[in-house]
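All remarks here apply to the structure that follows.
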Amino acid sequence: MGQGTASAPTITHWFDANAFVNPANFTFGTSGVNILRGPGGQNLDAILSKSFRLGEESRSLQFRFEGFNVLNHANFG
């Protein structure tokens, strides 16, 4: 495998740059925003939920608590 492939990343090449091409002059590319994550990126999302049935019908009530980046770990650079 060559340098920078997905199975053999290095510090300077941790994704395959051949998967991307330069867009035409004065245009934007078609890749999405934040499609790559750098090495060492950490994020922990969590959810706690409880569902209650209301009577014998198919109705229910759900309480939810959602937390994003709950450990508050900064990802610089």
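Since we're looking at a predicted model, the values are computed, not measured.
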Quick one: list whatever passes salt bridge (Lys or Arg N to Asp or Glu O under 4.0 Å) with Glu56, sequence neighbours left out.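 Partners of Glu56 under the salt bridge (Lys or Arg N to Asp or Glu O under 4.0 Å) test: none.
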
Under the salt bridge (Lys or Arg N to Asp or Glu O under 4.0 Å) test, which residues partner Arg53, sequence neighbours left out?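 Arg53: no salt bridge (Lys or Arg N to Asp or Glu O under 4.0 Å) contacts found.
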
Taking transitive links into account, so neighbours of neighbours count too, which hydrophobic residues share a cluster with Val70 at under 4.5 Å side-chain distance?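 Besides Val70, the hydrophobic cluster comprises Leu44, Leu71, listed by chain and residue number.
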
Just jot down the ring-ring contact (aromatic ring centres under 6.0 Å, His included) partners of Phe52, sequence neighbours excluded, or say none.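 By the ring-ring contact (aromatic ring centres under 6.0 Å, His included) rule, Phe52 matches Phe63.
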
Side chain to side chain contact (heavy atoms under 4.5 Å, CB included) with Thr27: which residues, sequence neighbours excluded?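 Here the qualifying residues are Pro23, Ala24.
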
Once side-chain hydrogen bond (donor to acceptor under 3.5 Å, both in side chains) is applied, do any residues pair with Ser51, and if so which ones, sequence neighbours excluded?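 Ser51: side-chain hydrogen bond (donor to acceptor under 3.5 Å, both in side chains) contacts with Gln62.
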
Mind listing the closest non-hydrogen atom pair of Phe68 and Asp45 along with its distance?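 Shortest heavy-atom separation between Phe68 and Asp45 comes out as CA-OD1, 3.3 Å.
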
